[in-house]
Amino acid sequence: MGPRAEGPQPGLAANDPSEPVLRPADWTRILARYRTPIPSKSAFELTVTALPFLTLFGLSWAALALHPVLALLLALANAAFLVRLFMIQHDCGHGSFFASRTLNTWVGRTIGVLTLTPYAVWRQSHAIHHASTGNLDRRGIGDIPTMTVAEYSTAPPVRRMLYRLVRNPVVLFGIAPAYSFLLQNRLPLGFMRAGWRYWASAMGTNLSIAALGYALYLLGGPEVLLFVALPTVVLAASIGMWLFYVQHQFEETHWDHEDDWAVQDAAMHGSSHYVLPPVLRWLTANIGVHHVHHMASRIPFYRLDEVIRDHKVLADVHTITLRDSLHCARLHLWDEDQRRLVSFAEARA
């Protein structure tokens, strides 16, 4: 993993020693020039994601006539394209995929039916995540449940047991994603007092999902839902949870209490650079360049490569490889003294 600069206002030295040390706030200003979407590129990325998704869905459906296992394998492969569709929905939510807010909204809403994610609800929840990431006093919306070592050591036994259960990989990457996308997304309970728009978004998405599911049932029977649609969604949800976890739950991440917290520092140092092979980087729409995304969320995902190419110093910040990321799954608690995530065993020691 890449080193993290120390100090209350950490900066990044440029590759050229003659260049000044740049702080996170400076990078936010520099990266603003990459925010402009390229219409032809946006249309291209949407097309080369949606068409393969629909094609694989159709092939999986057709494979039911040969054997359900073949249909299931194709459906699981299609989860990769559903993840990429979700990343496009993610950019629409940031207003970065198209220049038109209306186009972002309707593309995001449409994809939300396929990802089982009400667009307006998720957009607001994710905005809160961006505005509070790394803040120990504002945990609870749009993040992975994280306790400090001190909190865990003084918590009642039942709470410690529940926390260990939530942080168990089987729950965190298997049960929790399925629950979140299949059930939790159906009702915007966290926004009960935030206005009717979030309920309209959730209910509108639910009705659209129900209509689509009923049409698939009428045309293909329950097999299409069980062996084609459901496996694609469940695996995509687990992949998405893993990506979100690795992007913020790495050893040298960044957490502070409100008095010491700064959004630019949290964006730069509380987000990883998940260095993936080219195919996986394409399928995940560059979401691994997460520190840059948090510093400038209005940059379309297809321009993040430009940022890394033009500012190579950013390519070396908090780098995590596939092998490194496996270690992240064994980290559970934030140690405020050591300023790093530690395992339960390390906390006991």
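Keep in mind that this is a model prediction, so the values were computed, not measured.
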Q: Looking only at heavy atoms, what is the nearest atom pair of A71 and L64, with distance?
A: CB-CD2, 3.6 Å
Q: Could you check, using the six-membered ring where one of them is a Trp, whether H94 and H130 have ring centers closer than 6.0 angstrom?
A: yes
Q: Hey, would you say the H318 and H273 ring centroids sit under 6.0 Å apart?
A: no
Q: So which atom in L230 and which in L226 form the shortest heavy-atom distance, rounded to 0.1 Å?
A: CB-O, 4.3 Å
Q: Is there a donor-acceptor pair closer than 3.5 Å between any side-chain N or O of Q249 and the backbone N or O of Y245?
A: no
Q: Kindly say whether S100 contributes a backbone atom to a donor-acceptor pair with the side chain of N104 at under 3.5 angstrom?
A: yes
Q: Taking the six-membered ring for Trp, are F191 and Y198 ring centroids under 6.0 Å apart?
A: yes
Q: Quick one: CH2 on W242 to SG on C328, what's the gap to the nearest 0.5 Å?
A: 6.5 Å
Q: Using a 4.5 Å cut-off on heavy atoms from C-beta on, say whether the side chain of I88 contacts that of F97.
A: yes
Q: Main chain of F173, side chain of S238: is a donor-acceptor contact present, judged purely on distance under 3.5 Å?
A: yes
Q: Side-chain contact test, heavy atoms from C-beta onward, threshold under 4.5 Å: evaluate it for P37 versus Y302 and give yes or no.
A: yes
Q: For Q338, is there any backbone N or O sitting under 3.5 Å from a side-chain donor or acceptor partner on D335?
A: yes
Q: I'd like to know if the side chain of R167 reaches the main chain of L162, judged simply by a donor and an acceptor atom lying under 3.5 Å from each other, with no hydrogens or angles considered.
A: no
Q: Are R84 and T49 linked by a side-chain donor-acceptor pair shorter than 3.5 Å?
A: yes
Q: Below 4.5 Å, heavy atoms only, C-beta onward: do V228 and F57 meet side chain to side chain?
A: yes
Q: Report yes or no: is the cationic atom of R138 (NZ for Lys, CZ for Arg) closer than 6.0 Å to the six-membered ring centre of W261, at no more than 45° off its axis?
A: yes
Q: Can you confirm whether or not the ring centre of H248 sits under 6.0 Å from the ring centre of H129?
A: yes
Q: Can you name the nearest heavy-atom pair linking M241 to L172, along with the distance?
A: CG-O, 3.2 Å
Q: State yes or no: are the ring centers of H90 and H293 separated by less than 6.0 Å?
A: yes
Q: If you take all heavy atoms of I320 and V246, which pair is closest and at what distance?
A: CD1-O, 4.0 Å
Q: Please find the pair of heavy atoms, one from L314 and one from V307, that lie closest to each other, and give the distance.
A: CD1-CG1, 3.7 Å
Q: Hey, what do you get for CG (L31) to NE2 (H311), rounding to the nearest 0.5 Å?
A: 6.0 Å
Q: As a quick check of understanding, evaluate side-chain contact (heavy atoms from CB on, under 4.5 Å) for H269 and T253, giving each step before the final call.
A: CA-CA 6 Å; H269 300 294; T253 190; over 6 Å; no
Q: If I compare all heavy atoms of L341 with all of F250, which pair ends up nearest, and what's the gap?
A: CD1-O, 3.4 Å
Q: Under 3.5 Å, is there a donor-acceptor pair between the side chain of D137 and the main chain of E258?
A: yes
Q: Between the side chains of T321 and D324, does any donor sit under 3.5 Å from an acceptor?
A: yes
Q: Using only atom types and a distance under 3.5 Å, with no angle test, would you say the side chain of Y119 pairs donor to acceptor with the backbone of Q89?
A: no
Q: Considering only heavy atoms from C-beta outward, does the side chain of T117 approach that of T205 to under 4.5 Å?
A: no
Q: Short question: side chain of T232, backbone of A75 - any donor-acceptor pair under 3.5 Å?
A: yes
Q: Is the closest side-chain heavy-atom distance between W199 and V121 below 4.5 Å?
A: no
Q: Look only at the side chain of R309 and the backbone of L304, and say whether a donor-acceptor pair between them is shorter than 3.5 Å.
A: no
Q: Quick check: do T133 and D143 have side-chain heavy atoms less than 4.5 Å from each other?
A: no
Q: Is it true that R139 and E151 have a side-chain N and a carboxylate O under 4.0 angstrom from each other?
A: yes
Q: Are any of the side-chain heavy atoms of W122 and S201 separated by less than 4.5 Å?
A: no
Q: Are H257 and E336 linked by a side-chain donor-acceptor pair shorter than 3.5 Å?
A: yes
Q: In terms of relative ring orientation, are W255 and W334 parallel, tilted or perpendicular, with 30° and 60° separating the classes?
A: tilted
Q: Any side-chain heavy atom of E346 sitting closer than 4.5 Å to one from R340?
A: yes
Q: We want to know whether S325 and Y274 form a side-chain donor-acceptor pair, criterion being a heavy-atom distance below 3.5 angstrom.
A: yes
Q: Should D310 and R303 count as an ion pair when the cut-off is N to O under 4.0 Å?
A: no
Q: Looking at D256 and A262, would you say the former's side chain and the latter's main chain have a donor-acceptor pair under 3.5 Å?
A: no
